[in-house]
Amino acid sequence: MGEPMKRMERRWAIVLAGGEGTRLASLTTRGGLAVPKQFCTVSGGPTLLQLALRRAERAAGRGRVSVVVAPEHRQWWEEDLRGNTSASVVVQPHNRGTAAGVLLPLTAVCGQDRDTTVFILPSDHWVADERILNRELQRAGRAVDAEPDTVALLGIEPDAPDPGYGWILPGPSTAPGVFRVETFIEKPAPRTALELLAAGAVWNSFLIAARARTLWALYERRLPALWHSMRAALDADAHAMYADLPSYDFSRDMLVGAAPLLRLLRVPECGWTDLGTPERVAAMVERAQTCQGSRRSWSRDRIDLAWAIAGGTHGGKDVRVP
């Protein structure tokens with residue numbers, strides 16, 4: 001068996017799909033119900049979740065993907081996952097932040113193979129050039145192979161000083177194309193964002209690769225209460241445990257302060273966006289020219305972000321696509 005195939009057998013991907021998508025509620029509310037953006041389409045194509053699952057399978061291989069969902073979103077994710085027999089569905093009783101969302105499936109992965117490399121992927125991003133991102137995900141996996149006790153973060157090369165993103169300032173290089181992390185800056189002031197752009201900082205994509213055992217140990221050290229609760233939940237009622245669980249953010253509560261373990265890979269400009277605001281949706285639509293062709297503002301009873309943004313305004317501000 002070839003070396004690339006052997007590596008793929010020691011890969012796993014966790015796709016986080018339990019978010020509420022409240023920042024786009026002005027675009028995704030229909031009949032009084034806001035549809036989380038991961039279940040929306042772009043110009044009648046696959047939903048963002050379906051695109052993320054394809055991304056995860058390219059990184060880790062078919063049959064090696066866990067997708068974390070919320071029970072209240074069942075009407076959407078059941079349809080998105082229908083026919084997908086390779087993804088393991090993890091229903092999180094309640095949304096308690098991204099740290100719990102990762103740890104729940106990670107606990108099961110560690111029970112099978114603690115030396116596997118785990119990719120963490122959000123489900124609500126859009127990428128113009130998936131080939132570039134897939135190449136960089138594979139490079140992150142190799143970086144972890146070279147330094148198994150580190151956590152590799154993919155930072156997106158910014159094309160604008162957007163203060164709405166989290167930023168990462170790289171430190172010294174540890175290997176060709178791999179850097180230490182100097183600091184995290186979450187949603188800086190506009191002037192600071194300009195300075196970060198000039199200083200070579202990158203956007204925090206929350207695309208991550210690490211050995212399962214490295215993440216497991218990091219949880220035990222940084223969030224011991226959550227770690228112990230999740231371990232106990234394996235032999236108890238997870239619903240009861242989640243009911244009283246505080247909310248933790250993976251970036252803020254796990255990564256900030258763990259700089260010695262972190263490695264940063266710069267992802268070349270690939271048309272990545274988290275679609276976190278109507279303005280970013282409009283920029284994505286204009287760039288991808290997704291409004292060409294037949295108009296289908298609703299696809300399979302789903303909200304289509306391209307046509308939602310093309311047909312309206314947000315908060316009185318015109319965000320139409322030319």
Trainee: Distance-only criterion, 3.5 Å: show the donor-acceptor pairs between side-chain atoms of residues 259-271 and protein atoms not counting sequence neighbours.
Mentor:
unit_1, atom_1, unit_2, atom_2, d
R263, NE, E147, OE1, 3.0
R263, NH1, P260, O, 3.3
R263, NH2, E147, OE2, 3.2
R266, NE, E157, OE1, 3.2
R266, NH1, G200, O, 2.6
R266, NH2, E157, OE1, 3.3
R266, NH2, E157, OE2, 2.7
R266, NH2, G200, O, 3.3
E269, OE1, R287, NH2, 3.4
E269, OE2, G271, N, 3.1
E269, OE2, R287, NH1, 2.8

Trainee: Closer than 3.5 angstrom, by distance alone: can the side chain of S88 be matched with the main-chain N or O of V65 as a donor-acceptor pair?
Mentor: no
Trainee: So, taking the atom named CG in L137 and the one named CD1 in I208, what distance separates them when rounded to the nearest 0.5 Å?
Mentor: 11.0 Å
Trainee: In plain terms, say whether R222 and D253 are close enough for a salt bridge, that is, a side-chain N and a carboxylate O under 4.0 Å apart.
Mentor: no
Trainee: Identify the heavy atoms of A100 and Y242 that sit nearest to each other, and give their distance.
Mentor: O-OH, 3.7 Å
Trainee: Can you name the nearest heavy-atom pair linking F206 to P122, along with the distance?
Mentor: O-CD, 3.4 Å
Trainee: In terms of the angle between their ring planes, are W272 and W203 parallel, tilted or perpendicular, with boundaries placed at 30° and 60°?
Mentor: tilted
Trainee: I'd like to check L106 versus Y219 (side-chain heavy atoms, cut-off strictly below 4.5 Å). Are they in contact?
Mentor: yes
Trainee: Using only atom types and a distance under 3.5 Å, with no angle test, would you say the side chain of T107 pairs donor to acceptor with the backbone of L103?
Mentor: yes
Trainee: Taking only Lys NZ, Arg NE, NH1 and NH2, and the carboxylate oxygens of Asp or Glu, determine whether R139 and D145 approach each other closer than 4.0 Å.
Mentor: no
Trainee: Find the distance between CZ (R96) and CG (D244) and round it off to the nearest 0.5 Å.
Mentor: 8.5 Å
Trainee: I'd like to know whether I120 forms a side-chain contact (heavy atoms from CB on, under 4.5 Å) with T98, so could you lay out the CA-CA distance, the side-chain angles of the two residues, the decisive distance to 0.1 Å, and finally the verdict.
Mentor: CA-CA 10 Å; I120 300 172; T98 50; over 6 Å; no
Trainee: For V68 and V15, what are the C-alpha separation, side-chain angles and deciding distance, and is it a side-chain contact (heavy atoms from CB on, under 4.5 Å)?
Mentor: CA-CA 6 Å; V68 184; V15 176; over 6 Å; no
Trainee: Distance check, rounded to the nearest 0.5 Å: I14 atom CD1 versus S123 atom OG?
Mentor: 13.0 Å
Trainee: Measure from the side-chain N and O atoms of K37 to the backbone N and O of D274, and report whether any donor-acceptor pair falls under 3.5 Å.
Mentor: yes
Trainee: What's the separation between atom CG in L24 and atom CG in D124, rounded to the nearest 0.5 Å?
Mentor: 8.5 Å
Trainee: Only counting residues at least two apart or in another chain, list the ones meeting side-chain hydrogen bond (donor to acceptor under 3.5 Å, both in side chains) with H94.
Mentor: none
Trainee: With rounding to the nearest 0.5 Å, note down the distance linking CG in N84 to CD in E57.
Mentor: 5.5 Å
Trainee: With a distance cut-off below 6.0 Å to the six-membered ring centre and an angular limit of 45° from the axis, does R280 pair with Y165 as a cation-pi contact?
Mentor: yes
Trainee: Look at R58 together with E130 and state whether they make a salt bridge at an N to O cut-off of under 4.0 Å.
Mentor: yes
Trainee: Please round to the nearest 0.5 Å and tell me the distance separating atom CZ of R54 and atom CZ of R62.
Mentor: 11.0 Å
Trainee: Determine whether the side chains of T117 and W12 contain a donor N or O and an acceptor N or O closer than 3.5 Å.
Mentor: no
Trainee: For residues W216 and W227, establish whether the separation of their ring centroids is below 6.0 Å.
Mentor: yes
Trainee: Answer yes or no: is there an ion pair linking D149 with R211, defined by an N-O contact shorter than 4.0 Å?
Mentor: no
